[in-house]
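Each chain gets a letter, A, B and so on, in the order its sequence line appears, and its residues count up from 1. Quantities reported herein were computed from a predicted structural model and do not represent experimental measurements.
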Protein chains: 2
Amino acid sequence: MPSETSAVRTVNRISDILNCFTSKQPLLNLTTISNTLNLPKSTCHRLLTALEAQGFLARDTAGRGYRLGYQLLYWGMVAQTTLDLRNEALPSLQALCETTGETAILSIRDGNVGICLAMVESSQSVRLTMQVGRRIMLHAGASSKVLWAFLPEPEIRQILAEIELSPVQVNTITDREQLLLELGRIRERGYAVSFEETDAGAMGIAAPVYDHAGQPIAGIGIAAPLSRFPAERVSVMAPAVVDAARALSARLGARMNG
Amino acid sequence: MPSETSAVRTVNRISDILNCFTSKQPLLNLTTISNTLNLPKSTCHRLLTALEAQGFLARDTAGRGYRLGYQLLYWGMVAQTTLDLRNEALPSLQALCETTGETAILSIRDGNVGICLAMVESSQSVRLTMQVGRRIMLHAGASSKVLWAFLPEPEIRQILAEIELSPVQVNTITDREQLLLELGRIRERGYAVSFEETDAGAMGIAAPVYDHAGQPIAGIGIAAPLSRFPAERVSVMAPAVVDAARALSARLGARMNG
DNA sequence: GTGTTTTGTTCCATTTAACGGAATGCTATT
DNA sequence: AATAGCATTCCGTTAAATGGAACAAAACAC
């Protein structure tokens with residue numbers, strides 16, 4: 001599944017190599033990577049050596065394989081601290097977490113994936129967990145759906161055509177028609193809701209955040225265990241989420257119509 | 001200052017480009033990068049476009065420039081969760097923070113720079129702050145000095161010859177002879193101490209962590225405001241730091257001599 | 001310990017993919 | 001409308017990356 005569409009092949013290859021590493025597969029050796037990407041061993045070896053020299057990768061202590069390097073840690077840190085959206089959002093998340101008592105999440109769309117940009121965890125012992133930086137699929141979960149429900153129709157159709165609707169949990173929407181209708185409902189309602197679309201025993205509510213140009217650029221929401229959050233409670237808590245999103249939008253310079 | 005020594009030029013260039021971005025200079029445009037690296041604009045443009053396509057970089061909302069992309073956030077996250085040293089160290093840091101009441105830091109050496117790998121912040125209102133992933137210079141601060149004080153002599157001399165001893169704070173050691181002597185003192189004492197070498201009004205204590213092969217691979221230490229930590233208190237608190245380092249080493253499979 | 005397989009590393013002739021100078025296009029700014 | 005400061009595209013050239021194959025080093029089996 002090597003990626004295409006890029007002006008410099010080497011960049012794609014590097015990206016492909018880095019994407020071989022996941023939390024579940026943190027340690028890979030030359031042969032594995034070479035096979036996965038259908039890259040000749042010598043080519044792969046040369047790239048890996050170069051990546052290691054620059055700190056993209058590091059050899060495991062025992063020398064048994066490669067892992068992601070500390071340089072990525074550093075760049076990730078710089079990326080994080082320089083995202084002004086994130087900085088602006090932290091107070092809103094904090095407030096949202098306090099008023100609802102649940103984990104508050106800021107998500108953004110990057111192409112056809114969502115990313116958790118920031119998070120404030122509920123202090124309750126039973127709580128939903130997320131990791132900053134984690135990629136999420138656009139079709140499942142309130143924080144994901146809200147990221148594209150408010151885009152212009154053509155863009156929505158474009159994304160809908162491109163993404164894969166793999167089932168994640170019992171209620172994941174896997175039908176394109178259904179999903180399109182759901183996005184419509186989200187627009188009407190002004191916020192997205194999900195029950196067990198991504199995690200068993202979990203639900204979520206999320207509302208869109210707009211930038212100064214009026215473009216939907218992020219989603220702010222909460223995730224809670226079902227046990228504490230029956231469907232009836234959604235309409236009670238949703239306003240808090242919508243308000244938080246609106247407040248953040250305002251802080252980013254968005255002008256609300258009406 | 002483009003880096004050399006790597007098998008694939010493109011990898012170096014990518015690394016150089018990414019390193020143009022810092023917390024202080026998060027937003028850069030084509031011309032700036034092109035000038036900084038002495039790279040022809042067209043070449044630079046092609047690379048930037050490719051990097052953007054793969055998520056290494058992202059265009060600023062207003063389209064005025066490039067910033068580090070979310071993909072780096074993701075890779076950074078994966079790197080962080082897969083570093084077993086970090087996972088092993090967190091309990092030690094937590095304990096150290098509790099017994100001393102100060103911010104506890106785990107640092108490692110990556111070539112000629114140190115990196116803050118993990119941190120547990122003191123709950124005191126006046127406290128030292130660090131950021132995970134931040135790069136630190138090897139010659140200033142206890143957590144830095146301890147990273148190479150216990151290396152074999154030739155390696156120490158090698159590093160000493162390569163690094164630049166720029167003054168950071170009032171007490172930063174900027175003389176190579178002095179620094180060599182200081183490293184000797186650290187070896188004798190078994191831990192490193194610093195007073196205002198990196199931050200005004202701050203001090204630090206750090207001890208070496210050894211891996212299963214007996215190699216010094218990390219440093220564990222505390223950083224505190226001077227107001228709370230006069231020189232007399234060092235000898236009282238140092239054992240706690242040394243113990244934490246020793247405990248972590250043991251957990252990593254290091255066998256202590258004696 | 002010896003043979004065998006697997007994995008990692010180096011070599012080098014070939015060719016393609018990256019290169020970069022120059023021309024063009026696009027926005028702001030005055 | 002003119003200018004300046006950028007960003008983008010073009011295309012002939014060439015060096016830089018390529019990858020098959022040979023070699024080396026572990027890891028494994030017996």
Expected string for nucleotides 23-30 of chain C under the B/S/- scheme (protein heavy atoms, under 4.0 Å, primed atoms plus P, OP1, OP2 as sugar-phosphate) is -----S--
(Q) Please tell me if A/H45 has a side-chain N or O lying less than 4.0 Å from either OP1 or OP2 of C/dG8. (A) no
Which is it for A/Y191 and A/I186 under the side chain to side chain contact (heavy atoms under 4.5 Å, CB included) test, yes or no, and what are the steps along the way? CA-CA 5 Å; A/Y191 59 90; A/I186 292 170; 6.0 Å; no
B/T43 has its side chain closest, among C/dG8, D/dC6, C/dC19, to C/dC19
What I'd like to find out is whether the side chain of A/L39 reaches to under 4.5 Å of the side chain of A/I33, using heavy atoms alone. no
Quick one: label B/T31 by what it contacts on the DNA or RNA (base, sugar-phosphate, nothing), any heavy atom closer than 4.0 Å.
-> sugar-phosphate
Could you walk me through whether B/W75 and B/Y70 pass the ring pair (Phe, Tyr, Trp, His ring centres under 6.0 Å) test, one step at a time?
CA-CA 9 Å; B/W75 287 322; B/Y70 300 111; over 10 Å; no
Checking B/I115, B/L147, B/I217 against B/R109 for side chain to side chain contact (heavy atoms under 4.5 Å, CB included), the one that qualifies is B/L147
Does a nitrogen or oxygen in the side chain of B/R46 sit under 4.0 Å from OP1 or OP2 of C/dC19? yes
At 4.0 Å (heavy atoms only), tell me whether B/S42 reaches a base, stays on the sugar-phosphate, or touches nothing. base
Smallest heavy-atom separation, A/V132 atom then A/Q80 atom, equals CG1-NE2, 3.9 Å
*Indicate whether OP1 or OP2 belonging to C/dC19 is found under 4.0 Å from a side-chain N or O atom of B/R9.*
yes
field: Presence of A/R13 side-chain N/O under 4.0 Å of D/dG19 phosphate oxygens OP1/OP2
entry: yes
For the pair A/H139 (side chain) and A/S166 (backbone), establish whether a donor and an acceptor sit closer than 3.5 Å, ignoring hydrogens and angles. yes
Ranking B/L39 and A/T32 by the position along DNA chain C of their nearest nucleotide, the one closer to 5' is A/T32
One would report the end-axis bend of the helix from C/dG1-D/dC30 to C/dT30-D/dA1, five pairs per end and rounded to 10 degrees, as 50°
Exercise for review: State whether the side chain of B/T49 and the backbone N or O of B/H45 hold a donor-acceptor pair below 3.5 Å, judged by distance alone.
Suggested key: yes
